[in-house]
Amino acid sequence: MDRSEAFGIYIHIPFCVRKCQYCDFLSAPASEPVQEAYLDALKEEIAGQAPQHVHRKVSSIYIGGGTPSAVPPQALCSVLQTLYTHYNVRSDAEISMEMNPGTVTREGLKQYRQAGINRVSIGLQSAHDRELRLLGRIHSLEDFLRTYEAVRDAGFRNVNVDVMAALPGQSVEDYEDTLRTLLALSPIPEHISAYSLIIEEGTPFFERYGKEKETLEKTGEAQPDLPSEEAERQMDKRTRQMLYKAGYHRYEISNYSLAGYECRHNKGCWRREDYAGFGLGAASLLDNVRSRNCTDLQSYLHKKDKVMERAVLSAEEQMEEFMFLGLRLTKGVDREKFRRCFGVPMEEVYGDVLRENEEKGLLHVGRRVALSSRGRDVANYIMAGFLL
Amino acid sequence: MADIDQSKIRNFCIVAHIDHGKSTLADRIIEKTGLLTSREMQDQVLDNMELERERGITIKAQAVRTVYKARDGEEYIFNLIDTPGHVDFNYEVSRSLAACDGAILVVDAAQGIEAQTLANVYLALDHNLDVFPVINKIDLPSAQPDKVKEEIEDVIGIEAQDAPLISAKNGIGIEEVLEAIVQKIPAPAGDADAPLKALIFDSVYDPYKGVIVFVRLKEGRVKKGTVIKMMATGASEEVVEVGYFGAGQFIPCEELSAGMVGYITASIKNVKDTAVGDTVTDKNRPCAEPLPGYKKVNSMVYCGMYPADGAKYPDLRDALEKLQLNDASLNYEPETSVALGFGFRCGFLGLLHLEIVQERLEREYNLDLVTTAPGVVYKVHKTNGEVIELTNPSNLPDASEIDYMEEPIVSAEIMVTTEFIGPIMELCQERRGRYLGMEYMEETRALLRYELPLNEIIYDFFDALKSRSRGYASFDYDLKGYEESKLVKLDILINREEVDALSFIVHGDSAYERGRKMCEKLKDEIPRHLFEIPIQAAVGGKIIARETVKAMRKDVLAKCYGGDITRKKKLLEKQKEGKKRMRQIGNVEIPQKAFMSVLKLDDKK
């Protein structure tokens with residue numbers, strides 16, 4: 001791989017004000033001294049890894065969490081300063097951070113701007129306070145609206161809002177309300193991430209809805225709390241229709257944007273572009289080696305080598321990833337690029353799978369290979385077929 | 001080595017109802033006679049198989065030789081042959097009995113005589129064995145040894161007043177049992193100088209020694225170099241080694257002579273050459289007549305067994321061949337199924353036997369199996385006068401060619417405490433039972449006699465019996481014969497395609513109910529596909545029940561894992577792995593365990 005190629009950087013902030021009921025990310029509330037110790041270790045890691053990246057330019061930085069806005073703005077900005085000191089960040093780099101309503105001040109937003117952040121992602125999830133309470137969110141719709149206004153006032157011109165479908169007790173209309181709320185904003189967000197709630201093991205939601213989830217997966221039918229598969233697909237369809245009318249296009253299974261506002265960092269991930277992850281549990285892909293940092297805070301703070309898992313991807317694994325990651329993008333994967341990367345035509349490796357899924361109407365196979373709209377509904381089924 | 005004095009040999013076995021402590025007593029006997037020190041003792045020494053230890057039951061007959069120094073100062077050789085207690089394994093019991101001269105009857109001091117106590121004692125008496133009782137578990141608070149003694153005398157009619165009162169678990173009264181063995185079990189008779197005449201009562205396959213044949217010498221002697229001949233199969237070989245049974249090991253010796261129990265190896269490669277029950281003789285000096293052997297029981301339950309991976313068919317064939325050597329009551333023949341490919345139709349003594357064979361094939365031979373619903377042997381009388389013994393429902397002739405059909409009926413004896421007579425009679429009624437009578441054993445216990453169709457009891461009758469009597473009922477049965485019955489073949493169609501491996505024979509009156517339950521069950525077992533799948537039950541081409549597996553509308557992860565691709569890949573791999581355990585029928589993937597679904601139809605919830 002060309003060492004001078006650009007790459008992305010992911011920075012993980014594993015802190016939040018309060019853990020949400022559905023959240024299975026590495027995140028928890030922590031005291032200020034713990035946060036400080038963490039940020040020091042993080043900066044050390046960032047600086048320590050710099051020598052191996054001297055030849056590359058950073059094209060995107062993504063600060064995710066947890067809730068990055070839950071740590072003091074100044075402290076967060078100093079992490080960025082460390083990056084700028086040790087890395088060659090492109091002047092047009094996309095620099096995003098996640099934030100939650102109710103955790104930012106106008107003063108803080110100004111600092112983020114000054115530190116170079118040019119894209120913010122706000123976790124709204126729902127425009128219904130009932131749903132927000134159920135999810136265990138710390139904010140109300142009102143808090144979101146204030147935050148959004150402050151973000152715009154601070155001069156951010158590239159804003160994403162996260163929303164969630166398939167919530168317990170949510171009807172298709174309830175969900176549409178959330179979308180309508182977004183489309184009534186002025187200006188409308190440049191980017192919208194529309195996810196479905198996934199009930200993950202180890203969360204309070206799993207305790208509560210795990211049984212229902214199991215039955216839902218077996219039968220597809222509506223449960224006392226969880227909407228049916230049919231309703232969930234309806235929500236997906238409404239997202240597509242409403243956002244399309246408002247000028248958005250869907251460029252990935254869960255992501256919509258206005259022209260020119262696709263998230264560079266996100267796309268890089270599906271296209272298997274290199275990225276380096278820093279922080280607790282952060283994952284990296286560098287020169288076809290996937291690695292992941294340790295997930296235990298004490299180890300992260302005190303160990304010199306923070307990497308917990310490291311796997312060199314075989315050619316087969318690279319092909320698999322090329323397919324199942326690339327197919328998440330609306331444009332799908334480029335056959336010519338496959339041949340360039342691996343030296344064999346895609347047809348030779350995946351001929352049967354391609355044909356079979358094309359016959360079932362699940363894949364469009366041309367110069368590019370992409371999921372059909374029916375295929376998008378059952379993407380996992382198709383993607384599993386590309387495992388060798 | 002000097003000739004062993006026949007009068008100092010005791011060949012015996014222990015018979016009992018399941019859980020009355022047979023294997024524990026065997027352990028104590030081995031321990032007390034000093035073959036093993038207490039430190040070397042593992043629980044249930046004779047239960048060799050992993051499976052036996054896990055389930056706490058004896059499946060295979062096992063033999064062990066120990067030496068006991070009796071109170072008269074003499075040393076006696078004990079050959080103890082352990083036997084299974086479950087009704088499914090009567091055949092194994094019968095094999096062990098044929099090698100013995102006497103039997104110890106173990107009866108639980110709290111539970112008294114149970115259905116299998118009777119069945120096993122009668123088997124022993126049939127073999128002309130001297131039987132003496134011991135009362136076990138006398139240290140239980142609920143033990144009533146005197147009452148049990150009376151019961152033994154009243155019901156079985158053998159002397160029980162001086163039966164040793166023991167606790168095998170806690171080592172109480174074991175000395176007394178050992179003395180009783182010396183005094184009450186007869187020494188073997190038989191002329192050591194007559195031509196060789198030995199009964200094969202078991203055999204195992206050893207990768208180094210070939211087939212190891214377990215024998216009881218009735219007459220004559222055998223040693224290394226003797227050229228032996230199997231009288232039924234005609235195979236002959238030179239003996240490589242003879243010996244007797246240590247605990248879990250073979251101990252070579254110079255010679256085996258009349259009255260002794262031991263093993264022979266003769267570089268026998270072909271397992272089929274050593275039929276259990278056959279007589280071994282000296283090729284150069286044969287005996288005049290073979291031993292009567294013993295009655296070979298017929299398989300009562302049949303099912304299809306298929307390798308999950310079609311390429312493993314030869315492995316399954318080899319495994320069955322080896323297993324049969326060790327388990328003469330198993331039989332099998334090749335068959336083909338449209339749905340499952342090449343496999344075998346296998347016959348068993350009962351459902352427990354089936355399960356055990358299945359588990360042994362999977363564990364000891366590392367095979368992944370698909371098993372079809374078990375059924376019994378039906379007799380199909382065709383209009384042209386021909387009679388077919390039907391073991392595979394798929395082979396049922398067209399209805400127009402069938403005059404009538406017969407099904408096997410058993411006479412069953414159920415022993416139960418009086419408070420549960422009602423529920424048990426109700427159960428037998430539901431299973432098309434015919435009430436024959438009831439006898440009171442004592443005030444609180446009764447023996448119910450019923451005739452029941454075998455196909456009503458092979459699945460879960462035993463479990464139902466236990467659950468409706470809170471574990472107090474015991475059960476034994478014998479094949480009585482065949483009776484005409486209104487039977488139909490129930491077919492299952494998945495996505496409008498008939499799946500031969502799911503067909504089964506059922507009584508006409510319960511066809512609808514069974515068909516409905518089967519469809520429900522399959523709906524539960526078959527995962528959703530991208531399309532809708534109808535599941536139908538049909539009798540003679542007429543659909544009698546239907547369920548639908550709805551199409552999968554959604555299977556997508558609308559979630560970003562923060563760049564943690566490994567996690568996403570694991571999810572996809574799990575999905576792919578799941579597909580591997582499926583059978584493709586038409587364009588539907590059916591999980592292998594679905595083929596056993598019919599077994600679970602009677603679950604009372």
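Excluded from the calculations below are hydrogen atoms, water molecules and symmetry mates; all remaining heavy atoms, backbone and side chain alike, are included. Residue numbering restarts at 1 for every chain, and letters A, B, ... go by the order of the sequence lines.
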Undergrad: At their closest point, which heavy atom of A384(A) faces which heavy atom of L572(B), and how far apart are they?
TA: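 Closest approach of A384(A) to L572(B), heavy atoms only: CB-O, 3.8 Å.
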Undergrad: Taking all non-hydrogen atoms of both residues into account, name the closest pair between V556(B) and A379(A) and its distance.
TA: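 Minimum heavy-atom contact is CG2-CB, 3.9 Å.
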Undergrad: Taking only residues two or more places apart in sequence or in another chain, which ones pass ring-ring contact (aromatic ring centres under 6.0 Å, His included) with Y175(A)?
TA: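 With sequence neighbours excluded, Y175(A) shows a ring-ring contact (aromatic ring centres under 6.0 Å, His included) to no residue whatsoever.
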Undergrad: Would you indicate whether the side-chain heavy atoms of K569(B) and L387(A) approach each other to under 4.5 Å?
TA: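 Yes, at least one pair of side-chain atoms sits under 4.5 Å.
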Undergrad: Using heavy-atom distances under 4.5 Å, tell me whether L216(A) contacts chain B through its side chain, its backbone, both, or neither.
TA: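 When you check distances to chain B, only backbone atoms of L216(A) fall under 4.5 Å.
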Undergrad: Is it the case that more than 12 heavy atoms not belonging to Y365(B) sit under 6.0 Å from its OH atom?
TA: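 Result for OH/Y365(B): enclosed.
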Undergrad: Which atom names give the shortest non-hydrogen contact between I565(B) and W270(A), and what distance separates them?
TA: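 Nearest pair, atom of I565(B) first, then W270(A): CD1-CZ3, 4.5 Å.
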Undergrad: Is the CD atom of E201(A) crowded by more than 12 outside heavy atoms at less than 6.0 Å?
TA: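 12 or below, so no.
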Undergrad: M552(B) versus D377(A): any side-chain heavy-atom pair under 4.5 Å?
TA: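 No - every pair of side-chain heavy atoms lies 4.5 Å or more apart.
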Undergrad: Could you look at L325(A) and say if it's the side chain, the backbone, both or neither that has a heavy atom under 4.5 Å from chain B?
TA: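 Contact with chain B: side chain only.
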Undergrad: So which residue, E252(A), H265(A), K360(A), E217(A), ends up with the most heavy-atom pairs under 4.5 Å with chain B?
TA: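 Of E252(A), H265(A), K360(A), E217(A), E217(A) has the most heavy-atom pairs under 4.5 Å with chain B.
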Undergrad: Under 4.5 Å heavy-atom distance to chain A, tell me which part of K550(B) shows up: side chain, backbone, both or neither.
TA: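 For K550(B), side-chain heavy atoms alone lie under 4.5 Å from chain A.
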Undergrad: What residues form a ring-ring contact (aromatic ring centres under 6.0 Å, His included) with F344(B), not counting sequence neighbours?
TA: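 F344(B) satisfies ring-ring contact (aromatic ring centres under 6.0 Å, His included) with Y313(B), Y332(B) once adjacent residues are dropped.
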Undergrad: So does Y512(B) have more than 12 non-hydrogen atoms from other groups sitting under 6.0 Å from OH?
TA: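 Not more than 12 within 6.0 Å, no.
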Undergrad: Only one of E230(A), E232(A), Q234(A), E229(A) forms a side chain to side chain donor-acceptor pair (under 3.5 Å) with R553(B), so which one is it?
TA: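 Only one option passes, and that is E230(A).
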Undergrad: Can you tell which part of L285(A) gets under 4.5 Å to a heavy atom of chain B, answering side chain, backbone, both or neither?
TA: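 When you check distances to chain B, no heavy atom of L285(A) falls under 4.5 Å.
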Undergrad: Provide the closest heavy-atom pair for K568(B) versus F324(A) in the form atom of the first, atom of the second, distance.
TA: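 Minimum heavy-atom separation between K568(B) and F324(A): CE-CD1, 4.0 Å.
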Undergrad: Where does T219(A) contact chain B at under 4.5 Å (heavy atoms): side chain, backbone, both or neither?
TA: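 The answer is the backbone of T219(A).
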Undergrad: Taking the side chain as every heavy atom from C-beta outward, state whether L530(B) and V378(A) have any pair of such atoms under 4.5 Å apart.
TA: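 Touching, per the 4.5 Å side-chain cut-off.
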Undergrad: May I ask you to decide whether K576(B) forms a salt bridge with E320(A), counting only side-chain N to carboxylate O separations under 4.0 Å?
TA: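 Answer for the salt bridge query: no.
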Undergrad: Please flag which part of R376(A) lies under 4.5 Å from any non-hydrogen atom of chain B: side chain, backbone, both or neither.
TA: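 Backbone only.
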Undergrad: Let me confirm one number: the CD-OG1 distance from E321(A) to T566(B), rounded to the nearest 0.5 Å.
TA: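 Rounded to the nearest 0.5 Å, the CD-OG1 separation comes out at 7.5 Å.
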Undergrad: Work out which heavy atom in K218(A) is nearest to a heavy atom in D524(B); give both atom names and the distance.
TA: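 Minimum heavy-atom contact is NZ-O, 2.5 Å.
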